[in-house]
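Single-structure report; data block below.
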Amino acid sequence: MQQLAHRLERLGTETAFSVAQAAAAWKSKGNLVYPFHLGDINIPTAPNIVEAMNKAIADGYTGYCPGPGIPQLREALAEDLGSRRDMEFSPENVVVMTGGKPVITKFLQAVMNPGEEVLYPNPGFPIYESQIEYLGGTAVPYRYVPTSTGFSIDLDQVRASITPNTTAIIYNDLQNPISAESSAAEREAIAQIAQEHDLWVLSDEAYFETRYEGVSSSIASLPGMAERTVILYTFSKKFAMTGSRLGCAVAPREIAQVFSTLNTNDESCTTHYVQWAGIEALRGPQNSVQSMLDILKDRRDATCELVNAIPGMSVAVPQSTFYLFPDVTEAMQRMNYTAVGDFASDALYKTGMSFCTREHFGRRLPGEERQYIRLAYSGIEVPAIKEGLGRLREWIESA
């Protein structure tokens, strides 16, 4: 019998989708579900962006286009991303891709040889670990520690994890799933580590502009970092274009050229007419962006307030992303749960609350004792947030 490639055994997935399947199955039976599991956005793409896409289709932009992206979009991205990071990029630094995920894969293909080690955040976006291992590398997790304002990177553990075989570090400031944001000192420390050990850096900046207070900074803007850093950018979050599949890598030219070749090999090009929509998103009116942030901020505030009112649950109020990572240790103890997966499963069937857990974002690390869940509030409106978390509170209080 023919067999499949052995490397498929190392391929993971975006685990939030498995939770979505369970929620959909429960909903199909006529049950009410409160969807806190998937970081999609139930706010429509702005009309001017949709109109630009439709116009591009009508104008015949439905065929092949350059592998690294159309020049007009690359220029717009170089200008916009550079100005927001106090940096200067040329269009040659920009390679357009079908969303943010391909940047992860192509970064690893460009800088990591089989057997080499790559540091990645844990808890973190599960595709990091999946792709490192699938491509034959060794995935080395670095952890976060809880603080009064959220979480911080365990810098001592990062330093201790580096070996002569370490080639890169994946750094996700404004982090999914825990919404952690680096302080300036933490960002500078990661930059210093990267330079001391001559590491490539993938800076995942998917949520760079999904923030409610404060100002974002890129590690690429620090001295000595532009030449070793690849920035991951996506239109999905800022412009509510998750299904359009549009993003880019901003990289040193030598890597950008590799990405362009990989694009040609993998998908030929990013959808032509979607790229014209991206230009309108960047250069057109921005009022829809602020409107969406206002909506998400209201959802954040409601979710945080209600979570912190539930016995045994607590969470800091993050300034960015659209995720919360509440500590549910005492709530689980109150209800005699030892496995957070069982807690989440029963919460779905008894309250309709659907959410991911810590286990969906990387293998639990030695010494972890606290229990966490992730709540994504980007796809659920405030009345449903209040109703769902109210039912969760009633369930926990009844124990």
Side-chain angles (χ1 to χ4, degrees), residues 11-17 20 38-46 49-50 52-53 56 61 64-70 73-74 76-78 80-81 93-110 120 124-132 134-135 170-172 174-177 202-210 230-251 255-256 258-282 289 292 321-323 376 378-379:
L11 186 64
T13 186
E14 186 167 354
T15 45
F17 288 107
L38 192 61
D40 203 354
I41 303 172
N42 69 339
I43 301 169
T45 305
I49 300 174
V50 175
M53 190 183 303
Y61 293 111
Y64 289 124
C65 61
I70 61 176
L73 180 56
R74 296 174 76 191
L77 283 163
D80 185 83
L81 273 66
N93 294 121
V94 178
V95 179
V96 178
M97 299 192 191
T98 55
K101 280 181 180 174
V103 181
I104 301 170
T105 301
K106 290 169 184 175
F107 169 81
L108 293 168
Q109 287 177 301
Y120 73 98
F125 188 47
I127 301 304
Y128 303 147
E129 180 183 56
S130 171
Q131 286 299 298
I132 294 168
Y134 176 70
L135 294 169
I170 297 176
Y171 173 62
N172 183 197
L174 314 182
Q175 204 251 33
N176 171 22
L202 175 62
S203 181
D204 185 339
E205 300 182 6
Y207 299 92
F208 192 84
E209 292 163 67
T210 306
V230 172
I231 294 173
L232 181 158
Y233 177 85
T234 174
F235 287 77
S236 295
K237 317 304 179 185
K238 179 180 179 180
F239 299 109
M241 294 175 66
T242 53
S244 296
R245 307 316 304 142
L246 184 62
C248 77
V250 184
I255 299 187
V258 173
F259 290 164
S260 178
T261 302
L262 289 169
N263 277 7
T264 302
N265 277 264
D266 289 349
E267 63 273 331
S268 296
C269 59
T270 300
T271 305
H272 197 171
Y273 53 82
V274 172
Q275 295 190 52
W276 287 98
I279 295 170
E280 174 63 21
L282 293 169
V289 175
M292 183 170 68
T321 79
F322 37 67
Y323 306 109
S378 56

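The figures that follow rest on heavy atoms only: side chains count, while hydrogens, waters and symmetry mates do not. Numbering starts at 1 and runs along the sequence shown.
- Between Phe208 and Leu174, the closest heavy-atom pair is CA-CD1, 3.5 Å.
- Scanning both residues, Ile41 and Lys237, for their nearest heavy atoms gives CD1-O, 3.6 Å.
- Nearest approach of Phe239 to Ala281, heavy atoms of both residues: CE2-O, 3.2 Å.
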Mind running side-chain contact (heavy atoms from CB on, under 4.5 Å) on Leu202 and Val230 for me, showing each step along the way?
-> CA-CA 5 Å; Leu202 175 62; Val230 172; 4.0 Å; yes
Evaluate the criterion side-chain contact (heavy atoms from CB on, under 4.5 Å) for residue pair Phe235 and Leu77; output intermediate values, then yes/no.
-> CA-CA 11 Å; Phe235 287 77; Leu77 283 163; 3.8 Å; yes
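- Side-chain atoms of Asn93 come within 3.5 Å of backbone N or O of Ala251 as a donor-acceptor pair.
- Asn172 has its side chain within reach of Tyr128: a pair of non-hydrogen atoms, C-beta onward, lies under 4.5 Å apart.
- Asp40 CG to Ser378 OG: the interatomic distance, rounded to the nearest 0.5 Å, is 6.5 Å.
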Derivation of the side-chain contact (heavy atoms from CB on, under 4.5 Å) call for Gln175 and Thr321 = CA-CA 7 Å; Gln175 204 251 33; Thr321 79; over 6 Å; no
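- Counting only distance, with no hydrogens or angles, the side chain of Ser244 and the backbone of Leu246 share no donor-acceptor pair below 3.5 Å.
- Put simply, CG on Leu232 and CD1 on Ile170 are 10.0 Å apart, with the number rounded to the nearest 0.5 Å.
- Atom CG in Leu108 sits 6.0 Å away from atom CG in Leu135 (nearest 0.5 Å).
- Residues meeting the side-chain contact (heavy atoms from CB on, under 4.5 Å) test with Ala376, sequence neighbours left out: Tyr323, Arg374.
- Side chains of Leu73 and Ile279 form a contact here, defined as non-hydrogen atoms less than 4.5 Å apart.
- Annotation: side-chain hydrogen bond (donor to acceptor under 3.5 Å, both in side chains) contacts of Gln275 (sequence neighbours excluded): none.
- The distance from atom CG of Asp266 to atom CD of Gln109, rounded to the nearest 0.5 Å, is 6.0 Å.
- Shortest non-hydrogen contact noted between Met241 and Ala277 is CE-CB, 4.4 Å.
- In this structure, CE in Met292 is found 9.0 Å from OG1 in Thr45, a value given to the nearest 0.5 Å.
- Contact record, Cys269 with Cys65: CB-O, 3.4 Å, taken as the closest heavy-atom pair.
- Taking the side-chain hydrogen bond (donor to acceptor under 3.5 Å, both in side chains) definition, one finds that Asn42 meets it with Arg299, sequence neighbours left out.
- Applying the side-chain contact (heavy atoms from CB on, under 4.5 Å) test to Ser260 and every residue at least two apart in sequence or in another chain returns Pro68.
- For Tyr61, the ring-ring contact (aromatic ring centres under 6.0 Å, His included) criterion is met by His272, Trp276, not counting sequence neighbours.
- Considering only heavy atoms from C-beta on, Phe322 comes within 4.5 Å of Tyr207 through its side chain.
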What donor-acceptor contacts under 3.5 angstrom involve side-chain atoms of residues 95-105, with partners at least two apart or in another chain?
unit_1 : atom_1 : unit_2 : atom_2 : d
Lys101 : NZ     : Glu14  : OE1    : 2.5
Thr105 : OG1    : Gln131 : OE1    : 3.0

